**Student:** 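Dropping a structure here in C-alpha cells format, bear with me for questions.
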Amino acid sequence: MKGVAITGMGIISAIGNSVEENYASLLNNKTAITTIENISTVHSDLRKVGEIKKTNQELADELQLSADNNFSRTAMIGAIAAKQAVQDAGITSINEYKTGLISATSVGGMDMTERYYYDYFEKPETIKYISCHDGGDVAQKIADELGLKGMVTTISTACSSAANAIMLGARLIKSGKLDRVIVGGTDALAKFTINGFKTLMILSDGYNMPFDNDRKGLNLGEAAAFLVLESDEMVAKENKKVLARVSGYGNANDAFHQTASSENGDGAFLAMEKAFQVSGLKPEEIDYINVHGTATPNNDLSEGRAIVRVFGEKNIPDFSSTKPFTGHTLAAAAAIEAVYSVLAIQNNVVFPNMNFKTPMEEFNMIPQTTLKQKNIEHVLSNSFGFGGNCSTVIFSKSE
Amino acid sequence: MRKTYINGVGCISAQKTFDTIFLEEAIINETANVLPLEIPVYKDFISPTAIRRMAKGVKNGIVASALAMKEANTETFDAIITGTGMGCIDDSDKFLRALIDNNEEFLTPTSFIQSTHNTVGSQIALGLQCKAYNFTYVNGSVSFESALLDAKLQFDENEASSILIGGIDEMNDYTASLFKLAGFIKQDNESPYKVLNSTTKGVVYSEGATFFVLEDKKQDHSYAEVLDIEIINKLQVNEVEAKIIDFLKSNSLQISDIDAVILGFNGDVETDVFYRKIAENCFKNTQQVYYKHLSGEYNTASAFGLWVGAKIIKTQQIPEILKVNSVEKPDYKTILLYNQYKGIDHSFTLISKC
C-alpha cells in the first residue's frame with residue numbers, strides 16, 4: 001500500500017521555530033526543558049516546561065496581527081506552523097483545489113480565559129477574548145490566516161488529538177473528498193494544564209525520563225505542527241516532491257479509566273494492530289518507533305507492554321521518546337512527532353531518548369539513547385490521551 | 001459502499017424530547033434568553049454515585065445515547081463519535097475558578113479530569129466496554145456534522161456497520177453571563193425573544209444532547225437514510241444557493257426534489273439573512289421548517305435539527321409549531337438541512353425516506 005503523500009511540514013516548538021531548527025536541535029541533543037517565562041505561575045520554580053521563548057507580542061508581530069486581534073497563544077503558534085507547512089508544500093492558491101484544514105487542540109484559548117476570567121466584567125478591552133475560548137476558534141483563525149474557505153474542523157481527544165487529525169486527513173484524501181488537507185495540532189502552555197497535571201501527580205519535578213525505571217512524570221510543553229497531505233493526482237499534476245507517506249493509522253479505546261491506561265495496554269495494542277492492517281506492513285518492517293513515552297509511571301509501563309505484545313520482547317525495533325526535548329505538548333504532540341518521524345525517514349536517523357539511565361524492571365526494553373544513522377523505511381508513532389484514546393500512525397518512505 | 005441508516009435516536013433538550021412522540025408537548029418560551037433544559041430522570045440510567053460526580057453534559061450524553069441504543073436495540077459499535085462546541089464547560093469552569101481563587105493551591109483533580117472534551121465519548125465507551133474507534137470533534141457549529149461526516153465516511157468505505165454519534169453542549173451561569181457581555185446572547189431586557197423576523201442581535205442560548213445510532217442495515221424501525229453531508233467554513237450570503245444546487249446535483253437531485261428544508265434560523269438579525277435569502281428565493285415553493293425557537297441555539301443544536309428531520313420522515317408529519325411557511329407536501333421523502341452560526345461553519349445534510 002502506497003499511503004497518502006506528505007508534501008509539506010511546519011513546526012514551532014521549544015527546540016526551534018522551523019523544521020530546520022527542530023532537526024538541528026534533535027541532532028545536537030539540544031533539549032529545551034526550562035523554567036517557564038511567559039506565564040506567571042506559583043509552580044514556576046518546581047515544574048519545568050518545554051516553552052517557546054517568544055512572548056505573545058512577538059508571535060503577533062511575526063504574524064503581523066493588528067493591535068485589536070483576539071488570537072490566543074494556541075491560535076498564534078498554530079497559524080505560524082500551518083503557514084510554514086503550506087509554504088513548504090508550495091501552495092500559493094489555497095482554494096484552487098478541494099482543500100481542508102483538520103486542526104487539533106485540547107486547551108484552545110484557555111490561556112486567555114484564565115488570564116481574563118474576572119477581568120471581562122471590569123475591562124471592556126478584554127471582552128474580545130471571550131470568543132476565542134473554544135477549540136474551533138483556533139482552527140477558524142488558522143483558516144483565516146491561510147485564506148482557506150473549505151472544510152475546516154477540529155479534533156479534541158486529549159493527547160492523541162493530532163494523530164487523529166492526521167488520520168482523518170488521510171481518510172479524506174483516500175476517499176476523494178479532498179484533494180489536499182492541512183493536518184496537525186496546536187496547544188500553548190496554560191496554568192490550567194500545568195495545575196491539572198500537577199493535581200494528577202504526573203508532573204516530574206525534574207527532567208522527564210521516558211522508559212527509565214526511576215521516571216517520575218512528564219514535563220508539559222507547548223508547540224504546534226502541521227503537515228500537508230495531498231492526493232496522488234495532485235502530486236502528479238503539480239509534480240510535487242513527496243517528503244514521506246502516511247501508510248497506516250489506527251484508533252482504539254482502552255475503555256479502562258478516564259485518565260489511566262490499562263495494565264496491558266489494550267487500547268495501544270489495538271491501535272497499533274489496526275495501523276498494521278491499514279498499511280499492510282508487518283511489525284518486523286518497522287525501523288523506528290517514536291513512542292508516546294510521556295515518562296509517567298503508568299504510560300510507559302502500559303505502552304511498553306503493548307509494544308512487547310505487538311513486536312515480541314526480543315524483536316522490538318529502535319525506539320525513543322522525543323519528549324525530553326520538547327516536553328509533552330498534549331494535543332499537538334502527535335503532529336510534532338509526525339514531523340520528527342518524517343525527518344527520521346528523510347535523513348535515515350533515529351533520534352535519541354534523552355535522560356535514560358536505568359532499564360525498567362518489568363520488561364527488557366532499552367530505548368535508543370544516542371543518535372543512530374541507519375536506513376529508515378517505516379516509522380511507527382504512538383499517541384495516547386485521556387479517555388482511553390489510543391492512536392498509532394505509520395509513516396513510510398516514498399518510492 | 002454501504003448505506004447509512006438512522007436506526008435509533010435519543011434527545012435531551014429544552015423540550016420534552018424523551019417520553020414523547022414528536023414535540024406534541026412542545027412549548028415556545030419567548031421570555032428566557034437561556035432556555036432551561038427538560039431534565040430526564042437520571043437515576044433510571046446512571047448510578048446515584050455517578051450522578052453526583054458527573055457534570056450535566058456527561059449525564060445528558062449518557063441518557064441520550066442510552067435512549068438511542070434502546071431504540072436501535074444495539075450496544076455494539078464499530079465507532080463512537082461525538083461533537084461538542086464548548087466541551088465540558090462546567091468542569092473546566094469549576095477547575096479554573098478554584099485555580100484562580102486559591103492561587104493555584106489546594107486543587108483536586110476531579111473537575112480537571114472531566115474537563116477534557118472527549119469525556120462524554122469516553123465515558124460511553126467505558127460504560128459499554130467499547131474498545132472501538134472513538135473521536136470527538138470540537139469545531140463550533142460543525143462539531144456534530146464533523147462526527148456525522150466521519151461516520152458516513154466509514155460506511156462509505158465499508159469500514160463499519162454500526163456507529164454511535166452524538167452532539168453535546170453544556171451551558172452554565174458563568175458562561176451565559178460572558179456570552180451576554182459579548183453580545184452572543186440577547187440582552188436581558190429585549191423579550192419577547194422571537195426567532196423569526198427578529199430585529200435584535202444575538203441568540204437565545206440553551207444546551208442539549210442528541211444521539212443517533214447509525215447502521216448499514218435498514219430495519220423496520222429505521223428513521224431515515226443519511227445521503228450526504230458537507231461542511232464549508234466560509235460562504236457569502238449570495239453563494240449559498242449555488243452551493244446547495246451543487247450539493248444536490250452531486251446527489252443527482254435538484255431543488256424541486258426537496259420535500260422540506262430545515263433551516264437553522266436562530267433570531268440573530270445579522271446572520272439569519274443566510275436562511276432568509278434562500279427561503280425567499282430557491283426554496284420559496286418548498287416547505288420550510290425551523291426548530292431553534294424550541295431547542296435554543298448552541299453549537300450542536302443542529303443535531304436537534306437532524307432529530308427533527310428524522311422524526312418528520314418517520315412520522316410523515318410536520319408539527320405546526322415547526323412550520324415557517326404554509327407550503328404543504330403530501331409526503332416527505334427527501335429533506336435538506338442547512339445550518340451556520342455567526343456566518344461561518346456552514347453545513348448541508350441530506351436525508352431521505354428509506
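By convention in this document, chain letters (A, B, ...) are assigned in the order of the sequence lines, proteins followed by strands, and residues within each chain are numbered from 1. The shown structure was predicted, so the numbers you read here are calculated from the model rather than taken from an experiment. Hydrogens, waters and symmetry mates play no part in the numbers below; they use all other heavy atoms, side chains included.
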**Student:** Judged by modelled atom types alone, do B:T271 and B:D268 share a side-chain donor-acceptor pair under 3.5 Å?
**Tutor:** yes
**Student:** Do the side-chain N and O atoms of A:Y249 and A:N164 include a donor-acceptor pair separated by under 3.5 angstrom?
**Tutor:** no
**Student:** Check the side chains of A:T153 and B:S146 for a donor-acceptor pair under 3.5 angstrom, ignoring hydrogens and angles.
**Tutor:** yes
**Student:** If you count heavy-atom pairs within less than 4.5 Å of chain B, which of A:K128, A:M110, A:Q140, A:K274 leads?
**Tutor:** A:Q140
**Student:** Which one of A:T74, A:D187, A:T186 satisfies the side chain to side chain donor-acceptor pair (under 3.5 Å) criterion with A:S106?
**Tutor:** A:D187
**Student:** Side chain, backbone, both or neither: which part of A:K177 has an atom under 4.5 Å from a heavy atom of chain B?
**Tutor:** side chain
**Student:** Before we go on, tell me: are the rings of A:Y118 and A:Y120 under 6.0 Å apart, centre to centre?
**Tutor:** no
**Student:** Tell me, for B:S177 versus chain A, whether the close heavy atoms (under 4.5 Å) come from the side chain, the backbone, both or neither.
**Tutor:** both
**Student:** Relative to chain A, which segment of B:L149 carries a heavy atom at a distance below 4.5 Å: side chain, backbone, both, or neither?
**Tutor:** side chain
**Student:** Only pairs of heavy atoms separated by less than 4.5 Å count here; which of A:D134, A:N389, A:V42, A:I127 has the most with chain B?
**Tutor:** A:V42
**Student:** Which region of B:I344, side chain (C-beta onward) or backbone (N, CA, C, O), has a non-hydrogen atom less than 4.5 Å from a non-hydrogen atom of chain A, or is it both or neither?
**Tutor:** side chain
**Student:** Cut-off 3.5 Å, side chains only: do B:T349 and B:E145 have a donor facing an acceptor?
**Tutor:** no
**Student:** Measure B:E105 against the heavy atoms of chain A and call it side chain, backbone, both or neither at under 4.5 Å.
**Tutor:** side chain
**Student:** Could you look at B:D345 and say if it's the side chain, the backbone, both or neither that has a heavy atom under 4.5 Å from chain A?
**Tutor:** side chain
**Student:** Could you tell me which portion of B:I100 (side chain, backbone, both or neither) has an atom closer than 4.5 angstrom to a non-hydrogen atom of chain A?
**Tutor:** side chain
**Student:** Between A:H257 and chain B, which part of the residue has a heavy atom less than 4.5 Å away: side chain, backbone, both or neither?
**Tutor:** backbone
**Student:** Who are the salt bridge (Lys or Arg N to Asp or Glu O under 4.0 Å) partners of B:D101, not counting sequence neighbours?
**Tutor:** none
**Student:** Given a strict heavy-atom distance threshold of 4.5 Å, which part of B:T116 is in contact with chain A: side chain, backbone, both, or neither?
**Tutor:** side chain
**Student:** Which region of A:S391, side chain (C-beta onward) or backbone (N, CA, C, O), has a non-hydrogen atom less than 4.5 Å from a non-hydrogen atom of chain B, or is it both or neither?
**Tutor:** neither
**Student:** Does any backbone or side-chain atom of B:S143 lie under 4.5 Å from a heavy atom of chain A? Answer side chain, backbone, both or neither.
**Tutor:** neither
**Student:** I'd like to verify something: which residue of A:N195, A:T157, A:D137, A:L270 has the highest number of heavy-atom pairs under 4.5 Å with chain B?
**Tutor:** A:N195
**Student:** Going by side chain to side chain contact (heavy atoms under 4.5 Å, CB included), B:T136 matches just one of B:T84, B:I80, B:V120. Which one?
**Tutor:** B:T84
**Student:** Report yes or no: do B:N172 and B:K56 form a side-chain donor-acceptor pair below 3.5 Å?
**Tutor:** no
